[in-house]
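In this text, all values refer to a predicted model and were calculated from it rather than measured experimentally. Every chain is numbered from 1, with letters handed out A, B, ... down the list of sequences.
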There are 2 protein chains.
Amino acid sequence: MAQKKASLKVLAAHLGLTVSTVSRALNGYSDINEQTRARVKRAADELGYRPNQTARRLSLGAPETICYLMPHDANVLAQPFVAQLLQGLSDVLTKRNWDLLIGNAESYKDELSLIDRLVKSGRVGGFVVSRPLVNDPRIRLMQDLKCPFVVHGRTGSCADYAWYDVDGEAAVVTAVDHLVELGHEKIAFIGAPNQYQFSQDRLCGYQRALVENGLSEVPGYVQTADFSDEGGEVAAGMLLDLPEPPTAIICATDSMAFGALAALRSQGFAPGEDVSVIGYDGLSFGAHTNPPLTTMVQPQAHAGRRLGDMLLSVIDGEDPKKHQELQKAYLVQRKSDGPLRRKEVKPTVSVREETHET
Amino acid sequence: MAQKKASLKVLAAHLGLTVSTVSRALNGYSDINEQTRARVKRAADELGYRPNQTARRLSLGAPETICYLMPHDANVLAQPFVAQLLQGLSDVLTKRNWDLLIGNAESYKDELSLIDRLVKSGRVGGFVVSRPLVNDPRIRLMQDLKCPFVVHGRTGSCADYAWYDVDGEAAVVTAVDHLVELGHEKIAFIGAPNQYQFSQDRLCGYQRALVENGLSEVPGYVQTADFSDEGGEVAAGMLLDLPEPPTAIICATDSMAFGALAALRSQGFAPGEDVSVIGYDGLSFGAHTNPPLTTMVQPQAHAGRRLGDMLLSVIDGEDPKKHQELQKAYLVQRKSDGPLRRKEVKPTVSVREETHET
DNA sequence: AACCGTACCGAAAACGGTTTCGGATCGCAA
DNA sequence: TTGCGATCCGAAACCGTTTTCGGTACGGTT
């Protein structure tokens, strides 16, 4: 049964027609008799014909492929969203018979040359880039290359490209307001590295919310760490060592919040009772921490699909500015937040030691 | 300076040479004068020439692309390993200038037709498939299509293809042995759906270890659930409702173990003290559960790289049977296991309620 | 002067499609 | 009978590479 690979040529020969006729028949041209079109389609089915995409794309001059640039800095805990995003992207792309490519580099420098190669070699017709820097060289490059792209997140000047983002500033404001309602005034913030735009956004939210609530910024209450659990742990440790430690901590990412919880427990504080912790990301895993993590969740279930749709639209020639979407995050209250404890008892250090993997 | 797209043709014209000469010069043919070769290379650099991969692949007759088939059944908690795998794969592929494609389908049926399309349309030269079923139709299909592939995991009859797997049976034996050393005899097992080969393997390990330790299988001690935290939670609930509940539980995946911990706590048991729980996967997240999860970790840091290397070898014509690799998992002890408590006190139900996201 | 081998490069086919253009065939009206 | 417009299909160019096969020019031998 293993017939030779079915090409237009063998199909044509098999039918006593020309390659061009067969091609037009399959592609729905109107100058083909419906009868012969049916005949062609039947034969194509029987021979299991699939047009060679490589040849097709060469002829069309379009790669029909988009590339997702994998974040190369993120720690493993933050990766679940990557798989979700890819699924969403894949969904909308396969409907159009487009391909989804994975772009992966070890550094921003490598990534730039990767983008350059992919575009100039005609392999890729568009990019999705996640978690941009404040001043992201990748975006400039893609603009220079005149290659369509869509950003998952935003940069400072995001006026003239397509993006999909969650309003991090508003989200953190929500978090601060929530803590203030619970009676907290000594609220600290553990931010992510400030090269990332999202770090800035979330930090801005913190600062604005303080002002709006009539609170003043306490020196040392803003820590910066890389977004891993370890980073969150050391940053929280710094906060607790302050002469006047905070009663509530907002973390720029859930993974950092995981570390903050660990730091609190290891110093004998009961997170959610002695000190409130609020994360940001809405990792479903947060339901299992000790205590379960209250967090700002981003509705990124269909982020991938939206990003895919937007990118395809831009590639189709639509104005990128028309495709900018800002989502709201919302608070999911679990157990790591609670009302301020008025009487401040310095807790005794627990004997129980927290373990930590290396 | 956005020059027209640099093709061999414009390069040739620019240099006063022929397309074929330029091509051979760049590809290191020996019948090209070293002087002109240098001249050509310099011009190529200056014009930013990148060979059109589509055209190249058409001419070569090789797609130079492999496809990773995304698991479509998995729950989100189990996805971190996907991103890792993709990075590893991407690493080895980009070194060869091959592309990594994402294949995603919503059902096994769709997946089969996806594979068929990808192969027959010449888009893909090989596949990586994760977490195979006991009798996996995808594997049969790829064999029929004579398309190279490598399996991340194994099936029952895995003799004649390439695979990379962790010895799940041995791993669970290790876990059981460990529990027995701690004094446990009433050891239960929460398995994953038995359509998956890895479920069978791990279950076999459980059964074998019981025999080896002179323990007999207690009715009801083997539960099956889908591999999500919810699944683990209900399964653990069943175990605790047994007339004689187990003192230790082994879960086929970490995410199920997360649920098991929740079930224990919600019924007032102290996991790790009253009842031991051991997971399987080594999710780094397990360090943050309540209590931190003891688990069998798979060394899958470089699984992606190995799979990529193996697949490329097979595509190069090597015997798939030569590429079968079995890794050992090892126990990482955190806090969810502990010695058997001799006196069995039925604990009082805690007032504290565990929340759970929907 | 004729011959030959080597070094270097050009011509052209091929990969498998898409698309433009022209040509044959037919029915029908003038 | 001629002319004309539809209708349907074939011929051929093209997309940008790779690769085989010749061909020219040149040097050195006889």
Side-chain angles (χ1 to χ4, degrees), chain A residues 3-41 43-44 47-65 97 117-125, chain B residues 3-41 43-44 47-65 97 99 117 119-125:
Chain A
Q3 22 237 0
K4 318 295 159 200
K5 49 202 70 170
S7 68
L8 275 187
K9 206 187 309 189
V10 318
L11 250 186
H14 181 79
L15 286 166
L17 290 175
T18 319
V19 171
S20 73
T21 305
V22 176
S23 169
R24 281 178 330 212
L26 292 175
N27 288 340
Y29 276 62
S30 63
D31 65 344
I32 300 291
N33 193 333
E34 279 307 324
Q35 213 167 358
T36 73
R37 186 196 307 282
R39 207 160 61 94
V40 170
K41 283 194 173 174
L47 298 191
Y49 169 75
R50 307 276 185 191
N52 182 310
Q53 293 294 337
T54 312
R56 183 162 178 280
R57 286 164 184 173
L58 174 60
S59 180
L60 253 28
E64 293 189 330
T65 300
N97 212 19
R117 267 208 316 278
L118 288 176
V119 171
K120 291 207 178 136
S121 68
R123 269 193 285 194
V124 155
Chain B
Q3 25 237 0
K4 317 298 159 200
K5 49 202 69 174
S7 68
L8 277 188
K9 205 185 313 188
V10 318
L11 251 186
H14 181 78
L15 287 165
L17 291 175
T18 320
V19 171
S20 73
T21 304
V22 177
S23 169
R24 281 180 329 218
L26 293 175
N27 289 342
Y29 278 61
S30 64
D31 65 343
I32 300 291
N33 192 334
E34 279 307 325
Q35 212 168 358
T36 74
R37 186 197 307 282
R39 207 160 61 93
V40 169
K41 284 195 171 174
L47 298 191
Y49 169 75
R50 306 278 185 191
N52 183 310
Q53 292 294 337
T54 311
R56 182 161 178 279
R57 286 165 185 174
L58 174 60
S59 180
L60 253 26
E64 292 189 331
T65 300
N97 212 19
D99 285 340
R117 267 207 316 277
V119 172
K120 292 207 176 135
S121 68
R123 268 193 285 195
V124 156

Please work out which residues in residues 26-40 of chain A have a non-hydrogen atom less than 4.0 Å from an atom of DNA chain C and list them by number. A:Asn27, A:Tyr29
What are the residues of residues 54-61 of chain B, sorted by number, that bring a heavy atom to within less than 4.0 Å of DNA chain C? B:Leu58, B:Ser59
Take A:Thr18 and A:Val22 through the side-chain contact (heavy atoms from CB on, under 4.5 Å) test and state the conclusion after the steps. CA-CA 6 Å; A:Thr18 319; A:Val22 176; over 6 Å; no
With a 4.0 Å cut-off (strictly under) to non-hydrogen atoms of chain B, the first and last hit nts on DNA chain C, 5' to 3', are C:dC8 to C:dG16
Of all heavy-atom pairs linking A:Ala44 and A:Leu26, the shortest is CB-CD2, 4.2 Å
Roughly how far, to the nearest 0.5 Å, is CG of B:Leu17 from CG of B:Leu11? 9.5 Å
Can you tell me how far apart CG (B:Leu58) and CD (B:Gln53) are? Round to the nearest 0.5 Å. 12.5 Å
So salt bridge (Lys or Arg N to Asp or Glu O under 4.0 Å) across residues 51-61 of chain B, not counting sequence neighbours, yields B:Arg56-B:Glu64, B:Arg57-B:Glu64, B:Arg57-B:Asp99
Provide the start and end nucleotides, 5' to 3', of the part of DNA chain D that has atoms under 4.0 Å from heavy atoms of chain A. D:dC8 to D:dG16
Near DNA chain C, counting only heavy atoms under 4.0 Å, which residues of residues 15-23 of chain B show up? B:Gly16, B:Leu17, B:Thr18, B:Ser20, B:Thr21
Rounded distance (nearest 0.5 Å) linking atom CG of B:Leu47 with atom NZ of A:Lys120: 10.0 Å
In degrees, rounded to 10°, what is the bend between the two ends of the helix from C:dA1-D:dT30 to C:dA30-D:dT1, using five pairs at each? 90°
For B:Ser59, which residues count as a side-chain contact (heavy atoms from CB on, under 4.5 Å) partner, sequence neighbours excluded? none
With a 4.5 Å heavy-atom cut-off, do B:Tyr49 and B:Val10 have their side chains touching? no
Note: A:Pro63 and A:Gly125 closest approach over all heavy atoms is CG-N, 3.4 Å
Using the side-chain hydrogen bond (donor to acceptor under 3.5 Å, both in side chains) rule, collect all pairs that involve residues 22-34 of chain B, keeping only residues at least two apart or in two chains. B:Glu34-B:Arg37
With A:Asn52, which residues qualify under side-chain contact (heavy atoms from CB on, under 4.5 Å), at least two apart? A:Thr54, A:Ala55
Any side-chain heavy atom of A:Ile32 within less than 4.5 Å of one from A:Thr36? yes
Non-neighbouring partners of A:Ser121 that pass side chain to side chain donor-acceptor pair (under 3.5 Å), sequence neighbours left out: A:Arg123
Just so I know, are the side chains of B:Arg50 and A:Val119 near enough to count as touching, which here means a heavy-atom distance under 4.5 Å? no
